[in-house]
Asks: 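Submitted below is the structure of interest, expressed as structure tokens.
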Amino acid sequence: MRTILIVGIGAGNPDFLTLQAISAIRRADVVFLPDKGEEKSGLNALRLRILDHAAPGNRCRTVAFRSPARPAQAPVYQEGIAGWREALVASYRQLFAASLAENETGAFLVWGDPSLYDGTLAALAELQASGMSIAIETIPGISAVQALAAAHRIPLNRIGEPVTVTTGRRVAAGEADRLSSFVVMLDSHAGWERFAGEPAEIYWGAYLGTPDELLVAGPVAEVKDEIARLRSAARARHGWIMDTYLIRRPT
């Protein structure tokens with residue numbers, strides 16, 4: 001039986017790897033690298049650096065594969081995601097048939113933690129349910145949410161309050177307008193600007209834990225332009241950006 005490891009590799013710093021993740025990477029015969037186009041090619045360069053850190057001299061194979069693009073916008077978002085996942089399942093089926101022998105172990109190196117805004121687990125579960133004989137193991141990782149709180153030296157929650165983790169798309173749609181404390185990931189909408197007209201604070205971070213780490217904190221109205229400037233410059237330099245932020249309103 002083929003074994004598939006879904007390894008959470010943290011937010012970009014090789015030191016974020018857990019001992020369990022290092023052990024899993026060293027077990028792999030093959031590490032699969034998703035090709036998401038030139039704009040995100042730097043992500044695989046980071047994956048390879050993390051691979052070298054976890055298993056120096058490791059002789060496992062690396063296999064690149066074309067990963068279908070997640071829909072940024074769709075008339076009905078859930079339908080767009082369903083189509084994307086169907087394409088991802090088909091891609092995995094072909095990938096394993098071509099590049100993973102029956103008794104080998106393959107690994108996906110997933111940013112942050114596999115349970116948080118990543119489609120790998122769900123796609124592999126569908127593949128398994130369709131009849132493909134694969135064993136799936138999940139190794140948790142340090143998410144950008146955890147790394148953000150550590151970088152700013154703050155707890156995520158205030159006493160007795162919950163914290164919502166959501167996306168920029170949902171913030172832009174108004175989902176967070178009545179929340180007192182929330183974390184935003186995957187934001188291509190500059191959603192923090194929505195809260196510039198009220199006494200809200202933001203804790204923002206990009207490339208968390210890496211030498212390129214960027215951090216900004218303060219009232220949204222005062223720091224929104226700085227965040228926009230840093231974000232634009234970083235995207236121009238790297239071709240991609242991974243940022244996360246926490247918004248807090250007065251209680």
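As the structure is a prediction and not an experimental result, all values here were calculated from the model. Atoms considered below: every heavy atom in the structure, side chains included; atoms not considered: hydrogens, waters and symmetry mates.
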Asks: Which heavy atom of Ser180 sits nearest a heavy atom of Arg158, and at what distance?
Replies: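 Nearest pair, atom of Ser180 first, then Arg158: O-NH2, 3.1 Å.
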Asks: Less than 4.5 Å apart, side chain to side chain, heavy atoms only: is that true for Arg249 and Phe182?
Replies: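 Arg249 vs Phe182: side chains touch.
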Asks: If you look at every heavy atom in Ala196 and Lys224, which pair is closest and at what distance?
Replies: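 For Ala196 and Lys224, the tightest heavy-atom pair comes out as CB-CD, 3.6 Å.
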Asks: Could you state the interatomic distance from CG (Leu215) to OH (Tyr203), rounded to the nearest 0.5 Å?
Replies: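 Result: 12.5 Å between the selected atoms.
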Asks: Taking the side chain as every heavy atom from C-beta outward, state whether Tyr92 and Thr120 have any pair of such atoms under 4.5 Å apart.
Replies: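 Answer yes - side chains close enough.
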Asks: Any side-chain heavy-atom pair from Asp187 and Thr244 closer than 4.5 angstrom?
Replies: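 Sidechains of Thr244 and Asp187: no contact.
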Asks: Show the nearest heavy-atom pair for residues Asn44 and Pro34, with the distance to one decimal.
Replies: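 Shortest heavy-atom contact: ND2-O, 2.8 Å.
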Asks: In Å and rounded to the nearest 0.5 Å, what is the CD1 to CD distance from Ile134 to Gln128?
Replies: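 Going from the CD1 atom of Ile134 to the CD atom of Gln128 covers 5.0 Å.
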Asks: Does some side-chain heavy atom of Arg93 sit less than 4.5 Å from a side-chain heavy atom of Ser130?
Replies: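 Touching, per the 4.5 Å side-chain cut-off.
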Asks: To the nearest 0.5 Å, how far apart are CG in Leu246 and CG in Leu148?
Replies: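 CG of Leu148 is found 6.5 Å from CG of Leu246.
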Asks: Among pairs that include at least one residue of residues 6-29, which meet side chain to side chain donor-acceptor pair (under 3.5 Å), considering only residues two or more places apart or in two chains?
Replies: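 Qualifying pairs, neighbours excluded: Arg27-Glu137.
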Asks: Can Arg47 and Thr62 be counted as having a side-chain donor-acceptor contact under 3.5 angstrom?
Replies: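 On atom types as modelled, these side chains do not qualify, holding no pair under 3.5 Å.
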Asks: For Ile142, is there any backbone N or O sitting under 3.5 Å from a side-chain donor or acceptor partner on Asp113?
Replies: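 Such a contact is absent between Asp113 side chain and Ile142 backbone.
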Asks: Between His238 and Asp212, what is the shortest heavy-atom contact and its length?
Replies: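 The answer is CE1-OD2, 3.2 Å.
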Asks: So, taking the atom named OG1 in Thr166 and the one named CD1 in Ile247, what distance separates them when rounded to the nearest 0.5 Å?
Replies: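 Going from the OG1 atom of Thr166 to the CD1 atom of Ile247 covers 12.0 Å.
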Asks: Working note: Arg248 + Glu161, criterion salt bridge (Lys or Arg N to Asp or Glu O under 4.0 Å); need CA distance, chi angles, decisive distance, verdict.
Replies: CA-CA 11 Å; Arg248 281 182 176 161; Glu161 289 189 5; over 6 Å; no
Asks: Kindly indicate, with the supporting measurements, whether the criterion side chain to side chain contact (heavy atoms under 4.5 Å, CB included) is fulfilled by Val223 and Trp204.
Replies: CA-CA 10 Å; Val223 301; Trp204 176 86; over 6 Å; no
Asks: Report yes if some heavy atom in the side chain of Ile25 is under 4.5 Å from a heavy atom in the side chain of Leu51; otherwise report no.
Replies: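 Side-chain contact under 4.5 Å: yes.
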Asks: Please find the pair of heavy atoms, one from Thr138 and one from Pro140, that lie closest to each other, and give the distance.
Replies: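 For Thr138 and Pro140, the tightest heavy-atom pair comes out as O-CD, 3.9 Å.
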Asks: What distance do Met1 atom CE and Glu102 atom CD have between them, rounded to the nearest 0.5 Å?
Replies: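 Met1 atom CE to Glu102 atom CD measures 8.0 Å (nearest 0.5 Å).
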Asks: Between Trp192 and Tyr245, how do the two ring planes meet: parallel, tilted or perpendicular, split at 30° and 60°?
Replies: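 If you compare the ring of Trp192 with that of Tyr245, the planes turn out perpendicular.
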Asks: With a 4.5 Å heavy-atom cut-off, do Phe195 and Asp177 have their side chains touching?
Replies: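 Answer yes - side chains close enough.
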Asks: Would you mind reporting whether Glu213 and Leu208 have side-chain heavy atoms less than 4.5 Å apart?
Replies: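 With C-beta onward as the side chain, the pair touches.
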Asks: Where the side chain of Glu126 meets the backbone of Ala123, is there a donor-acceptor pair that is under 3.5 Å apart?
Replies: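 Absent.
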Asks: Run the side chain to side chain contact (heavy atoms under 4.5 Å, CB included) test on Phe96 and Leu124 for me, step by step, so that the C-alpha distance in whole Å, both residues' side-chain angles and the decisive distance to 0.1 Å come before the verdict.
Replies: CA-CA 11 Å; Phe96 300 157; Leu124 288 175; 3.7 Å; yes
Asks: Roughly how far, to the nearest 0.5 Å, is the CD1 atom of Ile227 from the CD atom of Glu222?
Replies: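 Those atoms lie 11.5 Å apart.
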Asks: If every non-hydrogen atom of Ala206 is compared with every non-hydrogen atom of Asp243, which pair is closest and at what distance?
Replies: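 Distance-wise, the nearest heavy atoms are CB-CB, 3.7 Å.
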Asks: Quick check: is Phe16 connected to Ile9 through a chain of hydrophobic side chains (ILVMFWY, heavy atoms under 4.5 Å apart)?
Replies: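 Per the 4.5 Å side-chain linkage, Ile9 and Phe16 are not co-clustered.
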Asks: Tell me whether Leu46 is reachable from Leu17 by hopping between hydrophobic residues (I, L, V, M, F, W, Y) whose side-chain heavy atoms are closer than 4.5 Å.
Replies: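 Same hydrophobic cluster.
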Asks: Check whether any side-chain heavy atom of Leu100 sits under 4.5 Å from a side-chain heavy atom of Ile4, and report yes or no.
Replies: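 Yes. Closest side-chain heavy atoms under 4.5 Å.
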Asks: Where does the angle between the aromatic ring planes of Phe108 and Phe65 fall among parallel (under 30°), tilted (30 to 60°) and perpendicular (over 60°)?
Replies: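 If you compare the ring of Phe108 with that of Phe65, the planes turn out perpendicular.
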